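Okay, structure first, notes after.
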Amino acid sequence: MTSLNLQPKILGMEYNFKAIEKKWQQYWSNRKTFAASNTSEKEKCYVLDMFPYPSGAGLHVGHPLGYIASDIYARYKRHKGFNVLHPMGYDAFGLPAEQYAIQTGQHPDITTKANIKRYRAQLDQLGFSFDWSREVRTCEPDYYKWTQWIFIQLFDSWYDVAQQKARPITELIAHFENSGTSDIEASCSEELNFTAGDWQQFNAAKKSAVLLNYRLAYLSESMVNWCPALGTVLANDEVKDGRSERGGHPVEQKRMLQWSLRIAAYAQRLLDGLDQIDWTESLKESQRNWIGRSEGAAVTFATEHNDLSIEVFTTRPDTIFGSTFLVIAPEHEYVTAFTTTEQADAIAAYQKAAAMRSERERMADAKTISGCFTGSYAIHPFTGEQMPIWISDYVLAGYGTGAVMAVPAHDSRDYAFAKHFDLPIIEVVAGGDISQEAYTEKEGTLINSDFLNGLSVKAAQQKIIAALEEKAQGQGRINYRIRDAIFGRQRYWGEPIPVYYIEGVPHVMRTEHLPLTLPEVSAYLPTAAGEPPLARAEKWHYNPETGEIGNEQPGFHPLETTTMPGWAGSSWYFLRYMDPHNSQLFVGDNIEKYWQQVDLYIGGSEHATGHLLYARFWQKVLFDRGWVSVEEPFKKLINQGMIGGVSALIHRIKDEKKFVSAELAHQYDTSLLHIDIDFVKDTAVDTEAVKNWREEFADYEFLQAGDTFHCVREAEKMSKGKFNVVNPDDVVEKYGADTLRMYEMFLGPLEQHKPWSTEGISGVYNFLRKFWRLYHPGGNFAVTDTAPSPEMLKALHKTIKKINEDIVSFSFNTSVSAFMICVNQLNELKCNHREILSPLAVLLSPFAPHIAEELWEKLGNQNGISHEPFPEFDEKHLVENSFDYPVSFNGKMRFKLSLPLGLANGEIEAAVLADERAQKQLEGKTIRKVIVVPGKIVNIVAG
RNA sequence: GCCCUGGUGGUGAAAUUGGUAGACACGCGGGACUUAAAAUCCCGUGGACAGUAAUGUCCGUGCGGGUUCAAGUCCCGCCUGGGGCACCA
């Protein structure tokens, strides 16, 4: 909002949005207008927004975009007779509050509560129809009690691959007791083999360790993303290009004992489920990429070392006869075993160098080819040839088996590697020129491949897999890129993990002792020993008998000191809204069966691979274990586009106290400086405002060519530091919530990214005033009960039709236009007929609810507009008896001709040709063809 | 490199299954009302050319081809903005 904008006047019977909006917000709140019932005869509709993290900066104009859209939809559905659940809450655990706590010593709970209060005030101003009685906050013990409870369910489950579902761990124990690991297919960290007898011999600690290998929440020693600057580990989706997503700090790989969730077990179901839900293609693609399914084969290569064989994963088993060497990751467990004495020094040096390089360096340096020969050989399963075994960091320890069969002729990395180290290249798929580059297409005929010769790639793949299976040296396999999610964080401000240890063996707390509340600590920092902040708590031992939390003492066991990640609470909050005050269960059985799933979910695309994947995963686990009745949590999902800021920057001459206007800037050596967008209209800068802004600028000179000093504008992300943030409060103050709501919709398609600009807001504001005046001809409220004209009915019903269509297709920008057209027409028709204006108020109410309520009341209604039935569209008012035919010649429209509808094609043609304008067009030409589309167009082909 | 998206006036954008390109707004220009300003209302507004004018002709939806009576829309090949995945075997 620029200071140059003019304050609209408020007059007696003028549209006084301030009074109106306050009045109706109060009314809705007092009457609990939007409270949803859990027992209703009506059909349900669950409309959800991604709940916000309450940051200290408050809302900016970008945040409400999605909330407005979902609110329009929710209000529309209420008018359509649905029982609508439209809740809001706060994703309240998180890093910023903790970091603020570290700096100031203030408890994050205090800052969080203050921020929530501010958010609530801002949200309330915008007239959203939230059912606030269902508000949830992830940081409240009443809420996170159930987050902890779900963690316990995960701990208590294992994944049965054969049945493709999670089952209680007790059933796995029963199986081990009877049959050991035989006849069981379970997702696990490490393949184990033992008999029923072995199991019975195991002591309790060993049994626990074995079970951890199968639990969906498990503790394991694994490579994690460690971020030293944040002092915590991060999940894969929290790391971007080797840096932390929040803050951009370097991330390194570190081996640590960590809690993880076995999401990889659900890879296929997470993939399959995408076909059942109405999400955008790009979002589904993101998830598919993240899950990263690839089909191929596992092949076992025998080696010179009789007891050791190497398993590789390949998507091109058809090219096996072109495989001339093997490459294993430098961290592969057999590297030492394969290394011969002659090669020992070289291998050790290579491994050391590889370990030193960070993930980031490795990626940046992808083109440099490096590797080292181990000195050992593998044996080709079909030719019996010796294949040298190399190590190289282009093979990743964490993907597949950490080993590849190199086929240089048909893989570009293998090709480069073979060229560099002068290894043999054998062409096995005809079609390329392997003297120049690898031929990687999956098309062509197999050659040099024994029994595969002459086959297509596809046929060869099937045949070779069968052959491998027969030799027991391989089988078809599907591999997924998705990794299990690291779940522990070395932070304070998160849900405590409800786990205690007896002699190092983890146990989960008894659910009746939940919640395990966050303890008070002396500082929100790691301990001197490097333990997480919770290790500072004085009382952090649990007595499983009594449920007490206390000091270290007999009967009390130490509790876990890491906390859950930010995404824990948000992975199930949509379920809690259904039944937020249930103290017996996370959601009541019948209530969950009534609401089932979110019908419409609106939020930002940045959560594509984090929140949306985890939430789907948790839902599936809860589904498998019988706690919820549907498998996908979000039926339809829309990503609202981001609203960007438009920064204002001025040129400052380097080392001088001078600013220079944009048109002269090229003459000087300048740097650009962000200034507050309040000082600017278009590119014209209020130089006095800049001088007064900062003391240091008071004596600056402004160089300019003409009357105005110009800045440059640039579209950027809205942020405090760029002084380009537009606060919705200011817009509401000047134009009102109804204008802001409609303007944000009017900006363009919901899903599109767009920069914020207030340039057009007056158009929407004027519309609402025209709308108001329609009900106040001559300044006073007046409607007539006489019958409206057919034109008026037509204008209304055209709008009803359009608004209905637009809302169900989420095309809110065109709805706003439709309203404008309608009001312009009714204005022209001097319409103030109740029969038109009454349904029109209902029609507008999802978009601009305050003005609609006020006019509805003035029309003499006493019960509020929110549950009033939506106007029904009636085709009969739109029936036309003539149509303005556009008449084209060779595809170019030349004139229009009004003709009665219902004419036969021949009659239309005759009428058109009889027109003198047609005759003029046809002078000196012959008609070759006449196309008549009744009610659409006439096209005459002539030449 | 692979995948997903988008590209239309000065600006934000419309255009349902191929059928009048630019609806609706903003901005800009002109006018009415006013002592004046604001507010409001009215008219014009894609570009080029011709005409005193009404009007007419041509060009125009990122670029180049194609299909069709007709293409912003369908097909082929490029250019380009945004996003995702990536030494992923």
Side-chain angles (χ1 to χ4, degrees), chain A residues 6-9 11 14 240 280-292 294 296 312-316 319 327 329 362-363 365-370 392-396 398-407 410-414 416-417 440 479-481 605-606 608-609 639 641-642 682 743 746-749 751-764 766-767 769-770 773 802 805 809 811 813-822 824 827 884-896 920 928-933 935-942:
Chain A
L6 296 147
Q7 181 87 21
K9 255 189 236 166
L11 294 172
E14 274 288 293
K240 284 248 149 77
T280 60
E281 201 43 47
S282 62
L283 191 59
K284 288 185 185 181
E285 269 310 303
S286 289
Q287 294 216 340
R288 288 193 188 109
N289 279 335
W290 189 258
I291 295 166
S294 51
V312 305
F313 173 74
T314 175
T315 55
R316 295 296 304 276
T319 63
V327 188
R362 214 161 130 161
M363 282 192 292
D365 202 21
K367 280 173 199 88
T368 316
I369 295 154
S370 70
S392 172
D393 64 6
Y394 86 84
V395 174
L396 306 176
Y399 185 74
T401 58
V404 303
M405 63 172 212
V407 185
H410 304 289
D411 179 282
S412 39
R413 291 152 315 191
D414 297 345
F417 195 84
T440 57
N479 202 46
Y480 301 92
R481 181 160 48 229
S605 55
E606 66 272 22
T609 49
N639 290 130
M642 218 166 42
D682 284 331
Y743 180 61
F746 189 59
L747 277 176
E751 305 190 27
Q752 199 164 296
H753 293 254
K754 49 223 156 193
W756 176 259
S757 131
T758 34
E759 302 295 325
I761 199 164
S762 63
V764 172
N766 283 340
F767 157 74
R769 290 199 298 172
K770 275 191 213 169
R773 279 202 302 271
K802 179 78 178 145
E805 287 168 357
S809 59
S811 174
N813 52 328
T814 51
S815 306
V816 179
S817 306
F819 279 121
M820 288 172 170
I821 292 167
C822 179
N824 287 344
N827 232 326
D884 242 5
Y885 278 93
V887 181
S888 306
F889 293 82
N890 297 327
K892 286 183 183 120
M893 206 278 287
R894 291 305 178 191
F895 64 87
K896 285 183 196 171
K920 206 180 147 204
R928 304 208 189 279
K929 200 174 182 182
V930 179
I931 286 112
V932 176
V933 185
K936 279 263 161 93
I937 200 168
V938 176
N939 189 18
I940 297 163
V941 188

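When reading the values below, keep in mind they use all heavy atoms of this one structure, side chains included, and skip hydrogens, waters and symmetry mates. Treat the numbers as computed from the prediction; the structure is a model and nothing was measured. Every chain is numbered from 1, with letters handed out A, B, ... down the list of sequences.
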Roughly how far apart, to the nearest Å, are [N] and [M] at atom [atom1]?
N: U68(B); M: C75(B); atom1: C1'; value: 12 Å
N: C69(B); M: U20(B); atom1: C1'; value: 16 Å
N: G60(B); M: A48(B); atom1: P; value: 15 Å
N: G22(B); M: A14(B); atom1: P; value: 15 Å
N: A21(B); M: C28(B); atom1: P; value: 30 Å
N: G27(B); M: G64(B); atom1: P; value: 35 Å

Starting at [atom1] of [X] and ending at [atom2] of [N], how long is that distance when rounded to a whole Å?
X: Tyr399(A); N: A86(B); atom1: OH; atom2: P; result: 11 Å
X: Ile931(A); N: G18(B); atom1: CD1; atom2: C1'; result: 13 Å
X: Asn289(A); N: C2(B); atom1: CG; atom2: C1'; result: 9 Å
X: Arg769(A); N: C41(B); atom1: CZ; atom2: C1'; result: 13 Å
X: Tyr394(A); N: C87(B); atom1: OH; atom2: P; result: 14 Å
X: Leu283(A); N: U5(B); atom1: CG; atom2: P; result: 12 Å
X: Trp290(A); N: G83(B); atom1: CH2; atom2: P; result: 17 Å
X: Gln287(A); N: G83(B); atom1: CD; atom2: P; result: 19 Å

Flag, side chain of His753(A) to backbone of Gly641(A), donor-acceptor distance under 3.5 Å: no
Any donor-acceptor N/O pair, Tyr885(A) side chain to Gly935(A) backbone, under 3.5 Å
yes
Can you see if the side chain of [X] gets near the phosphate of [N] - specifically, an N or O under 4.0 Å from OP1 or OP2?
X: Gln752(A); N: A13(B); result: yes
X: Asn824(A); N: A25(B); result: yes
X: Arg894(A); N: U55(B); result: no
X: Lys896(A); N: U20(B); result: no
X: Ser294(A); N: A89(B); result: yes
X: Asn813(A); N: A14(B); result: yes
X: Arg288(A); N: C85(B); result: no

Under 3.5 Å for both donor-acceptor distances, Watson-Crick or wobble: does [N] have a partner, and if so which one?
N: U57(B); answer: A48(B)
N: U34(B); answer: none
N: G1(B); answer: C85(B)
N: A70(B); answer: none
N: G22(B); answer: none
N: G6(B); answer: U80(B)
N: A13(B); answer: none

Taking only the side-chain heavy atoms of [X] (C-beta and beyond), determine which of [options] contains the nearest atom.
X: Pro749(A); options: C69(B), C4(B), A13(B); answer: A13(B)
X: Val395(A); options: A23(B), C26(B), A89(B); answer: A89(B)
X: Pro886(A); options: G12(B), C85(B), U20(B); answer: U20(B)
X: Glu281(A); options: A25(B), C85(B), C4(B); answer: C4(B)
X: Ser762(A); options: G27(B), U40(B), A89(B); answer: G27(B)
X: Val404(A); options: A89(B), A23(B), C26(B); answer: A89(B)

Margin query: Looking at Asn939(A) and C69(B), is any side-chain donor or acceptor paired with a base atom of the opposite kind under 3.5 Å?
Written below: yes
Can you say whether a donor on the side chain of Lys936(A) sits under 3.5 Å from an acceptor on the base of U17(B), or the other way round?
yes
With sugar-phosphate meaning primed atoms plus P, OP1 and OP2, does [X] contact a base, only sugar-phosphate, or nothing at under 4.0 Å between heavy atoms?
X: Val941(A); value: sugar-phosphate
X: Phe819(A); value: nothing
X: Ser282(A); value: sugar-phosphate
X: Pro755(A); value: nothing

| request: Tell me, with the steps shown, if Asn827(A) and Lys770(A) meet side-chain contact (heavy atoms from CB on, under 4.5 Å). | output: CA-CA 8 Å; Asn827(A) 232 326; Lys770(A) 275 191 213 169; 4.1 Å; yes
Sorted by position of nearest nucleotide on RNA chain B, 5' first, the leading residue of Asn766(A) and Lys920(A) is Asn766(A)
RNA chain B nearest-nucleotide lookup for Leu747(A) and Ile940(A): closer to the 5′ end is Leu747(A)
Q) Between the side chains of Asn939(A) and Lys929(A), does any donor sit under 3.5 Å from an acceptor? A) no
Checklist entry - Could Glu285(A) and Arg288(A) be called an ion pair, given the rule that one side-chain N must be under 4.0 Å from one carboxylate O? => result yes
Assigned chi class of G12(B) under the 90° convention is anti
Taking the side chain as C-beta and beyond, is there a heavy-atom pair between [X] and [Y] under 4.5 Å?
X: Glu751(A); Y: Thr280(A); value: yes
X: Ile369(A); Y: Tyr394(A); value: no
X: Leu747(A); Y: Trp756(A); value: yes

Scanning both residues in full, the closest heavy-atom pair of Lys936(A) with Pro886(A) reads O-CD, 3.3 Å
